[in-house]
Trainee: 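Once you've had a glance at the structure underneath, I'll fire off some questions.
For clarity, every value in this text was computed on a predicted model and none was experimentally measured. In the text below, chain A, chain B and the rest are named by the order of the sequence lines, each starting its count at 1.
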Amino acid sequence: MIVLFTDFGLAGPYTGQVTAVLQQLAPQAPIISLFADAPSARPKPSAYLLAAYGGWFPAGTVLLCVVDPGVGSARRAVIVEVEGRVYIGPDNGLFDIVMRRDPGTRLWEIGWHPETLSASFHGRDLFAPVAARLAAGTPIIELAQPTADESATRGWPDDLAEIIYIDHYGNAMTGMRGRLVPPTARLVADEHMLASATTFSAVPQGQAFWYVNSNGLAEIAVNGARADKALGLAIGSPIAIQS
Amino acid sequence: MIVLFTDFGLAGPYTGQVTAVLQQLAPQAPIISLFADAPSARPKPSAYLLAAYGGWFPAGTVLLCVVDPGVGSARRAVIVEVEGRVYIGPDNGLFDIVMRRDPGTRLWEIGWHPETLSASFHGRDLFAPVAARLAAGTPIIELAQPTADESATRGWPDDLAEIIYIDHYGNAMTGMRGRLVPPTARLVADEHMLASATTFSAVPQGQAFWYVNSNGLAEIAVNGARADKALGLAIGSPIAIQS
Amino acid sequence: MIVLFTDFGLAGPYTGQVTAVLQQLAPQAPIISLFADAPSARPKPSAYLLAAYGGWFPAGTVLLCVVDPGVGSARRAVIVEVEGRVYIGPDNGLFDIVMRRDPGTRLWEIGWHPETLSASFHGRDLFAPVAARLAAGTPIIELAQPTADESATRGWPDDLAEIIYIDHYGNAMTGMRGRLVPPTARLVADEHMLASATTFSAVPQGQAFWYVNSNGLAEIAVNGARADKALGLAIGSPIAIQS
């Protein structure tokens with residue numbers, strides 16, 4: 001299975017072109033778009049989102065991950081190998097949290113080059129062909145060399161006390177693992193103090209709360225309304241924990 | 001074929017995770033997203049939309065239907081069997097109109113339980129595995145028991161004189177079957193009185209009209225403009241018929 | 001491979017129904033959505049977008065192209081055959097630029113008719129069944145007859161000095177082939193004068209520039225921001241070249 005984690009949008013034309021490349025080079029592999037609306041051009045919140053959602057997929061999954069504002073600059077192109085899954089994408093911090101959460105991670109720098117490489121769309125021209133080859137069975141060593149992990153230079157925290165994603169319903173995911181936040185704690189967003197609940201139907205209509213979402217992140221929601229609008233939240237909004 | 005009718009949005013991550021579950025459990029079944037923007041958390045307008053569009057698919061189709069604001073509460077999980085198609089989803093009224101339009105419908109309560117069930121995403125954890133198993137040939141009786149139809153308690157009308165969906169062009173679908181509205185009748189939306197036409201090119205640029213859409217619903221449109229903006233329509237806007 | 005180029009949107013229900021038709025009639029053909037957000041009901045800018053992106057696909061590709069404000073009127077339904085690819089859709093100018101760029105193009109008028117044809121959704125009822133049959137191997141001559149190219153009557157230019165598409169990041173594509181614009185030239189959009197750059201990372205944060213995008217169009221962007229918002233650009237905005 002090839003899973004897409006990008007900020008390309010779905011409607012056109014980037015996801016379609018990437019899908020066409022994958023389809024031609026790995027026709028047997030099902031292609032699934034997990035996120036096409038990862039935080040646009042922002043590797044830091046995207047890294048926490050990817051760490052929460054990528055690990056849900058089984059061993060053998062190939063994850064093509066492109067949030068790449070530095071496309072065309074000198075940043076490395078890498079493969080991350082962890083628990084039988086492989087992640088392919090730019091080395092701009094996007095994989096920092098995935099790597100940190102598993103000490104057995106191995107990092108590779110992609111040496112393979114396409115015949116023609118556009119300056120602005122490495123997702124299609126470089127990362128997709130590599131992902132397709134891996135999905136079709138090419139060993140990593142034929143495409144990449146082991147390389148050093150430089151994520152320490154960025155020094156991002158283990159959990160990010162910010163909003164990292166607003167979903168289709170207006171719910172606001174934080175970059176914090178929910179099991180690390182005491183259930184009795186309140187989350188403070190702007191001037192709002194939010195208690196936890198198990199799920200939407202456990203609180204009255206219109207009430208804001210936080211809960212541990214289905215992939216383990218602490219998430220802020222309002223029963224029957226959009227939390228982003230009701231509480232003024234956006235990607236990057238700081239969140240505090242009050243015990 | 002597995003057809004998705006949800007309010008999940010496509011961009012991420014809900015449709016992707018559901019698709020991954022379906023793909024793993026029923027790898028032979030093509031998966032098609034019919035609606036990912038059904039009226040958000042509103043089973044009533046969604047029920048009329050589903051009745052109009054679900055019946056277009058051939059016998060053998062499995063429809064995974066999730067508009068589920070009560071997820072995590074006590075509402076039943078059901079399978080509806082009608083004319084060789086099966087619908088899977090929450091028993092919150094979403095299937096009321098599908099059932100009413102065919103007296104031969106059979107209703108089942110899902111007894112199958114996943115090993116782990118999140119509080120907020122039964123679409124992925126419960127409904128998708130059931131849908132995949134049905135698509136892969138598991139008999140309904142192995143997953144569910146016949147149960148009583150409780151839709152009468154909701155008492156929703158046969159046709160809903162409201163806007164139930166705004167499409168990508170801004171056209172506004174009503175919950176009324178177009179063949180039940182006399183072609184000479186006018187539809188009244190807010191203060192606007194609309195005559196019928198066959199299609200867009202039959203009226204002057206900028207003119208509002210109603211017509212019977214390609215799935216049989218009475219729909220309000222404006223040639224060359226967005227009807228929702230031009231006429232101030234949204235899901236839930238009341239529509240009257242004037243003969 | 002069947003490629004979709006439409007203004008249907010993805011979320012529902014038009015792309016889903018078209019996909020279901022294709023899937024049933026050509027189950028072996030992978031289906032890829034290239035654009036579902038082509039300029040809505042505007043064949044002219046869509047024609048330049050299609051010419052830039054359609055030719056990227058290999059011989060044998062079937063492109064189902066529907067931007068069709070005149071659906072239900074007398075416009076012809078056609079097949080365009082060029083360099084081993086076939087395009088299917090309405091004869092409203094959508095294929096004018098594709099045809100002009102290859103003198104070997106052949107044009108066919110579709111004679112095949114479905115049993116039932118809705119007045120407003122020929123994409124599903126007419127174009128998709130024809131595209132699926134072509135993808136499954138039916139010769140063009142069984143579905144269509146050679147016909148005369150009437151594109152000269154529209155007289156559209158070879159390159160369109162307007163914005164033809166705003167992408168997911170807010171970048172603004174022009175209808176001009178980038179290799180025909182001197183790299184030293186400036187593009188003038190409203191009161192903004194823009195120099196060229198190779199890619200985003202070559203200019204300072206916040207700076208607007210133009211570049212040749214990954215499919216050969218001259219495109220206007222801002223490093224780290226949305227060009228459409230920053231420069232006030234929309235589909236149809238005129239662009240001038242200043243040498």
Trainee: With a 4.5 angstrom heavy-atom cut-off, could you sort out which part of Asp7(B) is near chain A: side chain, backbone, both or neither?
Mentor: both
Trainee: Using only atom types and a distance under 3.5 Å, with no angle test, would you say the side chain of Tyr211(A) pairs donor to acceptor with the backbone of Ala119(B)?
Mentor: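 Such a contact is absent between Tyr211(A) side chain and Ala119(B) backbone.
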Trainee: Under 4.5 Å, heavy atom to heavy atom: which of residues 26-53 of chain B reach chain A? Give them by number, or say none.
Mentor: Ala36(B), Ser40(B)
Trainee: Quick one: of Gly70(B), Ala20(B), Ala11(B), who has the most non-hydrogen atom pairs under 4.5 Å with chain A?
Mentor: Ala11(B)
Trainee: Name all pairs fulfilling the side-chain hydrogen bond (donor to acceptor under 3.5 Å, both in side chains) condition that reach into residues 84-93 of chain B, sequence neighbours left out, sorted by first residue then second.
Mentor: Arg76(B)-Asp91(B), Glu83(B)-Arg85(B), Arg85(B)-Tyr87(B)
Trainee: About how many Å separate OG of Ser214(A) and CD of Gln17(B), when rounded to the nearest 0.5 Å?
Mentor: 6.0 Å
Trainee: Assess whether side chain to side chain contact (heavy atoms under 4.5 Å, CB included) is satisfied between Trp56(A) and Arg124(B), documenting all intermediate values.
Mentor: CA-CA 12 Å; Trp56(A) 180 80; Arg124(B) 178 190 71 187; 3.4 Å; yes
Trainee: For Tyr14(B), which atoms come within 4.5 Å of any heavy atom of chain A: side chain, backbone, both, or neither?
Mentor: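 For Tyr14(B), the side chain is the part near chain A, not the backbone.
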Trainee: At a heavy-atom separation under 4.5 Å, does Phe8(A) approach chain B through its side chain, its backbone, both, or neither?
Mentor: neither
Trainee: Heavy-atom cut-off 4.5 Å, strictly under: side chain, backbone, both or neither for Phe5(A) against chain B?
Mentor: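 Looking at Phe5(A), nothing touches chain B.
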Trainee: Just checking Arg226(A): does its CZ atom have more than 12 heavy atoms from other residues, nucleotides or ligands closer to it than 6.0 angstrom?
Mentor: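 Yes - once you tally the heavy atoms of other residues, nucleotides and ligands closer than 6.0 Å, there are more than 12.
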Trainee: When rounded to the nearest 0.5 angstrom, what is the spacing between NE2 in His168(A) and OG1 in Thr15(B)?
Mentor: 8.0 Å
Trainee: Provide the closest heavy-atom pair for Phe200(A) versus Pro69(B) in the form atom of the first, atom of the second, distance.
Mentor: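 The pair with the smallest heavy-atom distance is CB-O, 4.4 Å.
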